[in-house]
Structures are given as structure tokens and as C-alpha cells.
Amino acid sequence: MEPSDLTTRRNGRQRRVAGASTLPEHTGFMDRGGGSSPEPEMEEEADGLIRSSDSEDRRRQRIRPGIRAELGSISLLLFLYVLQGIPLGLAGSIPLILQSKNVSYRDQAFFSFVFWPFSLKLFWAPLVDALYFSRFGRRKSWLVPTQYLLGLFMLYLSVTVNALLQSEKGPDVLTLTAVFFMLAFLAATQDIAVDGWALTMLSRENVGYASTCNSVGQTAGYFLGNVLFLALESPEFCNKYLRLVPKDTGIVTLPDFLFFWGMMFLVSTTLVAIFKRENAPVRGRRNVPEETQGVMETYRLLFSIVKMPTVFTFCSLLLTAKIGFSAADAVTGLKLVEAGVPKEQLALLAVPMVPLQILLPVIISRYTAGPRPLDVFYKAFPFRLLIGLEYALLVWWTPSVKQEGGFPLYYYAIVFFSYALHQVALYSMYVACMAFHAKVSDPLIGGTYMTLLNTVTNLGGNWPSTVALWLVDPLTSKECQGAAGQSCSTPLEAGLCAKEGGVCVTALDGYYVESVVCVVIGLLWWLWLGKKIRRLQDQSPAAWRCRVGQ
């Protein structure tokens, strides 16, 4: 999974704390450097303001709230982000469950649209910022109904999910996609509201803890909804590690898991709606109302940014850069499950990867802190392409390693090592890209600018993955063995082959075709467009500056 799925989600709008100037910071120095002298009354008023400000600062320092004074707010933020990660983790586990039920890769491609809302929330985030009931609270106006809907959708799924997964004609992928898409859409909307609330819920001294709550909470929620759920839902895992007497089901079932978290959403949302006030008085901090841009103003700003030649070129490159990795990123895990690797074992391999994912950005940032961060992006690109080929070899090798009791320990060690190499290349490109976004974003409109570039980056990973899943079946070639004159090109022909006593055998797996084609496309992109993306670093800062109002 791309890090953008968990650690780089940002709200699709520009937020400003009240009192922050809408002008670049250097204009303050220009004002001080020139102009006529102030009038005597203005001088006295200014002196009074300075003395008042100084005394207020000293008083604020004496009563500055520490983290202990805001542990309740920090705990609430952490809990809200954990709740946000639960539906995302569940959505990530459904493709593995579907794969174990032998759905087509076209169905997997259709379900992959579930992961798009976090890459598209920029388009409705200005509405979340600008429309609200002031009496109820700016963020609670969206948070409370959104979380109620999340809980109700989970309760609905707890009753219907077994029927959707086990119908006579196979899993009802259409309904599953619609429901989980709504869950992801609501989770993305909740993310916008919670991120905005964090700015006013915490004091200025402690607002930095908001990003920590975001990353830790979302990661923990995703872990609960994905890794922990898949492990406890698996009869094989529970019988092997957690039970003395084997049973046919896991300790936790999908309906039970959905019902528990659906009720958790409803109860916690009710408590927040009743007992948590927005802009509640915090000792040592004045309550300042939060400002925002208007809806249409934000949309016009986004359009003006995209029209800039450098930004348009960069966005075009971002939207095409990950085509070469799409087969490896989107299909490999499903192919391993198809080859017999237990889905819960694959999920558990992500646990020891967490320390690596924490350390990698810290290490890589040393090389991206300079004036040319995209050099790291360019150098890591071919290594990630080679890892895609190595993934294809791993999938080809997997069936020959399988034993009666499963897979040997050394097989999982090789899978883990391959995944670790992939993470190194992936994070190198990701950190370099984020560093470049921070470098070129116009500080006048930095929030909207950064969010736009991050959204395009995420979208550039989502659409190739969907296309890659969609093309696996058409590129796969099957033939009927044991029944003369029959073929397996369509499901109808495959049924006729089976009636004649034949068996459909894969002659050429579309995954291997895709792996080679994607690597070729990626190599051409690197040789031709990779140099172009590096040259963007040579553009002057003025080329990235947005002329607002022009």
C-alpha cells in the first residue's frame, strides 16, 4: 500500500487561523522599512498596544497550558483518528476475502474505486470548511452526522455482508463496492472535519500533537480493521496459535466486527455531540474564531494554480509516473493469495514493517532537504521497476514452494525481504516528492497549493492500479484440456468445457504480461519524462508563484 493511503492524507482545502495575514511574510519588513512617521496619537496607541501585548505575553507564559491540561482533547483526537482508520482497514481487507472466493480481477478493479475518495476529497473539502451551523459548531456540524452515517452503514453491513459475500452467483461486488465507497467517502469527510477541529481544539503550544494523533490514530485504526481482523477471522490462524480445540470459524466474524464498530461509532458520536464543546475555553489561550476562504474563492484559486505552466506539467508527470508500478502494487498480493498464501499471513508481514516505515522518512529526508529533492525520486525509480519484476518472479515461484502444511519459514523471509526493498524504493520516491511539494508551494496559498499537489500524487497511484486490475483477465489466455474442440475464452465456453469433462488451464497469466509491459512503460517514462521532471527543479521560484486575481 502506498504511504499516501495512511500517512499523507491532507484536507483538500486551505485553512487559516484567524489573525494570520493573507499577505506574504516579507511584506511586514517592507512596511517597516519605508513610509512616513506615524502621528503622535498613533505612536502612543502603538506603545500602549505593545505594552499590553508584552504584559499579555508574560501573563500567557505564566499560565501556558501544558500537555496535561489538554490530555482530554488529545485523547479525543487520537480516538477520532482511530475510528477513521477502521473502515479504511476493512476496505483493505475485502479484496483479500474476495480473492479467496475466486472473483474475477475485473471485479477487483471495480472494487478498487473504494479507495478513490481520499484522493478526491479536495473537490468537496471547501464545502466542509464553509457550510456549517454556527450554534452547533463548525466541525461538529459535519463530524456528528458523518460518524452517525458511518455507524449506520456498518450496522447495515453487519446484517447483509454474509449474503453479499456468499450469494449463489458469487459475491455481490456491485453492492459491496457501493457500500464501502460510501464508508470511504464518509471517512474522508470525517478526516477533513477532524483535521480542521484540531486547529482550534488544541492550544498553539500543543497543536503540533495533532499530526501525531493523525498518523498514530489512522495507523492503529487501519491495523485493527485489517491486520488484526484478518488474523482473528481466519480459522487456520486461530486454530494454530490461539485455540486448544479447533473450530470451523475464527474468533471474530466479519458481521460481529462490523456490528461492534458500528455501535462504537454511534455511542461515541452521541457522547461527543452532547459533552464536547467546540472552542471550549482553554486556560492560557484566547478563543479566536477561525477564518476560511469562501467556497467559490477556493475553487477559483485551485483553477488558477492548475493553469500555471509549471504546475500543469508537473501534475501531468505525477499522473503518469506510477504506471510502471501498477501491476506490482495492485495485483501481486492478490496473486499470492490465489497461489495459496494465507491472507492473514500476508497481513501479519506488515507488522514488523512498521519500524522501517517510521525510520525511512527520517533517513531519506537527509538527502531530499537540498535544492534538488527530485534527484532522489529519479534515482529510486529504476530500482522500484526492478522490484516489480522480482515480484513477478516471486509469484511464479510460489506454487512450487507450497507444502502440505503450508509454506516454509524461508519463503516468508523472502517475501518480507522483497517487501522491505519495495518500501525503501517507495518511500524514497514519496519523501522526495513531498519535499518538492513543500519547496515549490507558494507560501501565500500554501495550504491549497500543497493539498492540490498531494491529491494529484495520490490520484496518480489510484487510476493505474484500477486499470491494472481491470486488464488482468483480458490479458490472460486459457485453454481447455481433456475436451477436444472446446475453449475457455469466456465464462460460457469455460462452462461447456467443464460439461464435456475438460478442465480450463491457464496458458498465459495476464499478470506476467502486465508486469513486463508496465516495466517497459516505466522505463520509457524514466528515460524520456524522468529528465523532464528533474529539469522542473531548475525553474525559478517565480515560475511556481500563483498570481492571485489575475
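A salt bridge does not link Asp107 to Lys101: none of the charged side-chain nitrogens sits closer than 4.0 Å to a carboxylate oxygen. Taking the charged nitrogens against the carboxylate oxygens, Asp509 and Lys335 do have a contact shorter than 4.0 Å, which makes a salt bridge.
In this structure, Phe381 has its ring center closer than 6.0 angstrom to the ring center of Phe325. Taking the six-membered ring for Trp and the full ring otherwise, Phe110 and Trp470 have centroids separated by 6.0 Å or more.
In this structure, the side chain of Thr476 engages the main chain of Gly510 through a donor-acceptor pair within 3.5 Å. Judged by distance alone, with hydrogens and angles left aside, the side-chain atoms of Ser234 form no donor-acceptor pair with the main-chain N or O of Leu230 at under 3.5 Å.
Heavy atoms of other residues, nucleotides or ligands lying less than 6.0 angstrom from CZ of Phe259 number 12 at most. Summarising the local packing, CH2 of Trp116 is surrounded by more than 12 heavy atoms from other residues, nucleotides or ligands at distances under 6.0 Å. Counted within 6.0 Å of CZ on Phe237, heavy atoms from surrounding residues, nucleotides or ligands total more than 12; the atom is thus considered enclosed. More than 12 non-hydrogen atoms from other residues, nucleotides or ligands lie less than 6.0 angstrom from NZ of Lys140. Counting non-hydrogen atoms of neighbouring residues, nucleotides and ligands closer than 6.0 angstrom, the CZ atom of Phe416 exceeds 12 such neighbours. Counting heavy atoms of neighbouring residues, nucleotides and ligands inside a 6.0 Å radius, atom OH of Tyr367 does not exceed 12 of them.
For Tyr511 and Glu338, the side-chain atoms include no donor-acceptor pair closer than 3.5 Å. With 3.5 Å as the limit, one finds no donor-acceptor pair spanning the side chains of Ser93 and Asn226. A side-chain N or O of Trp124 and one of Thr189 form a donor-acceptor pair less than 3.5 Å apart. Gln84 and Tyr222 share no side-chain donor-acceptor pair at under 3.5 Å. Between the side chains of Thr219 and Tyr81, no donor N or O sits under 3.5 Å from an acceptor N or O. Side-chain contact check for Thr466 and Ser112: at least one donor-acceptor pair (N or O, by modelled atom type) lies under 3.5 Å. In the model, Thr253 has a side-chain atom that pairs as donor or acceptor with a side-chain atom of Asp256 under 3.5 Å.
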_Evaluation steps, side chain to side chain contact (heavy atoms under 4.5 Å, CB included), between Trp397 and Tyr411_ = CA-CA 10 Å; Trp397 177 60; Tyr411 171 79; 3.5 Å; yes
*Test side-chain hydrogen bond (donor to acceptor under 3.5 Å, both in side chains) on Lys379 and Ser428 and set out the steps.*
CA-CA 9 Å; Lys379 293 175 181 177; Ser428 296; over 6 Å; no
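Taking each heavy atom of Leu336 and Val395 in turn, the nearest pair found is CD2-CG2, 4.0 Å.
In this model, Cys480 has its SG atom within less than 2.5 Å of the SG atom of Cys497.
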